[in-house]
Amino acid sequence: MKPIQHSIIGLPGTGKTTFIAALWHLLTSNEISSKFVLNDLIGDRTHLESIADTWRRCEEVPRTSMAAETKVSMYVKDTRTNEVAILHFPDFSGESFEQQLLSRSCTSEYLEGFSGSGGIMLFVNANDSFDGLSIVDTYPLESSSKFEGEPDLHTEWEPNMVPRQVNLVELLQFLMHPPFERCLRRLVIIISAWDVIDTSNLEPIKWLEKELPLLFQFVSTNKDSFVFRVYGVSAQGGDVNSDARKELAMKTPSTRINCIGPETNPHDLTSPIAWLMSSE
Ligand SMILES: Nc1nc2c(ncn2[C@@H]2O[C@H](COP(=O)(O)OP(=O)(O)O)[C@@H](O)[C@H]2O)c(=O)[nH]1
Ligand SMILES: [Mg+2]
């Protein structure tokens with residue numbers, strides 16, 4: 001049996017914890033068929049049970065603080081090949097990625113996560129309408145709130161001063177240089193909160209190309225470092241802080257999940273990970 005560590009990259013609020021919670025529910029409930037199933041229960045499941053419980057109640061999962069970072073493990077069996085694997089996912093806090101961008105250094109645990117044969121899930125949130133605003137867009141706002149001629153006292157750089165896609169490209173670029181091993185990595189880009197997209201047959205890859213063109217261009221051109229797929233995922237099924245919640249709560253929980261992209265059934269959240277594990 002091979003233990004596989006998949007790594008997760010994503011800034012705060014991009015749907016990482018909600019994805020893991022929905023995945024755990026899907027694997028433990030057997031409500032729908034999926035590309036892989038749970039083979040056995042291993043390890044400490046306290047964190048998984050707790051976030052999946054919240055998810056089942058149609059509530060927002062708690063924010064993952066840096067202190068609450070955990071690695072979760074799932075012992076699964078591929079339903080097509082009967083191969084078994086232990087999947088490890090670190091539920092990193094988004095702030096730890098911001099910290100990495102600020103200090104240009106990472107923890108040994110993060111480095112180790114990229115040393116095996118596992119793939120990467122990179123999260124972006126479709127509900128993030130402010131990304132891509134450039135200094136040209138924000139200048140009128142900023143200049144009206146300042147006295148003319150006032151010097152800009154803010155000199156220290158922070159990740160939120162540039163669009164999030166710039167930070168994501170930077171995080172991927174780190175993986176292409178030592179101490180990370182130079183190799184071809186499988187990467188799935190998960191566009192979370194896909195339910196906010198109102199164009200029903202838009203392909204997730206097209207959304208990425210239009211909304212995050214820098215990230216799209218980066219992964220498309222660095223073919224010797226990344227082979228990628230894009231999925232649109234609604235792990236919650238909708239906005240649980242809106243009127244939609246009542247309707248969501250009446251559904252069989254796993255059917256709230258939507259996963260749009262290559263080779264997937266509509267509710268099968270295991271498809272992106274199954275591709276990370278496959279060798280096709
Ligand atoms: N509409 C919608 N919102 C979502 C979905 N998944 C997550 N969110 C929201 O996105 C925010 C961040 O989610 P979370 O999983 O905590 O992100 P993390 O910080 O990356 O772990 C929360 O406000 C969630 O309610 C979804 O499928 N649909
Ligand atoms: Mg989180």
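All ligand and atom numbering here is 1-based and tracks the order in the structure.
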Looking at [X], which atoms of ligand 1 are within less than 4.0 Å of one of its heavy atoms?
X	result
A235	27 (O)
D195	1 (N), 2 (C), 26 (C), 27 (O), 28 (N)
N125	10 (O)
T17	15 (O), 21 (O)
D239	1 (N)

For ligand 1 and [X], I'd like to know whether there is a polar contact (N/O to N/O, distance under 3.5 Å).
X	answer
D91	no
G15	yes
K16	yes

Q) If we only count heavy atoms from C-beta on, is the L171 to Q100 side-chain gap below 4.5 Å? A) yes

Q. Quick one: how many protein N/O/S atoms are under 2.8 Å away from the Mg ion (ligand 2)?
A. 2

Looking at ligand 1, does [X] have a heavy atom less than 4.0 Å from it?
X	value
G13	yes
N127	no
S192	no
E60	yes

Using a cut-off of 6.0 Å, state whether more than 12 heavy atoms not belonging to [X] lie near its atom [atom1].
X	atom1	result
D224	CG	yes
K251	NZ	yes
E49	CD	yes

Q) Given the side-chain rings of F180 and F174, with only the six-membered ring counted for Trp, is the space between their centroids under 6.0 Å? A) no

Are the charged groups of [X] and [Y] less than 4.0 angstrom apart, N to O?
X	Y	answer
R104	E170	yes
E263	K35	no
D91	K71	no

Identify all side-chain donor-acceptor contacts of residues 105-116 below 3.5 Å with residues at least two apart in sequence or on another chain.
residue	atom	partner	partner atom	Å
S105	OG	S103	OG	2.9
T107	OG1	Y110	N	3.1
S115	OG	E112	O	2.6

Q) Considering only heavy atoms, does Q236 approach ligand 1 within less than 4.0 Å through its side chain, its backbone, both, or neither? A) both

Q: With heavy atoms only and a cut-off of under 4.0 Å, state how V240 meets ligand 1: side chain, backbone, both or neither.
A: neither

Q: Give the cluster check for I9 versus M66: same hydrophobic cluster or not, with ILVMFWY residues linked at side-chain heavy-atom distances below 4.5 Å.
A: no

Q: May I ask you to decide if L215's main-chain N or O and Q165's side chain share a donor-acceptor pair within less than 3.5 Å?
A: yes

**Q.** Backbone N/O of C58 and side chain of R245: donor-acceptor pair under 3.5 Å
**A.** yes

Q) Among T64, V61, T18, which residue places a heavy atom closest to atom 6 (N) of ligand 1? A) T18

**Q.** V72/H88 under side chain to side chain contact (heavy atoms under 4.5 Å, CB included): CA gap, chis, key distance, verdict
**A.** CA-CA 6 Å; V72 301; H88 299 295; over 6 Å; no

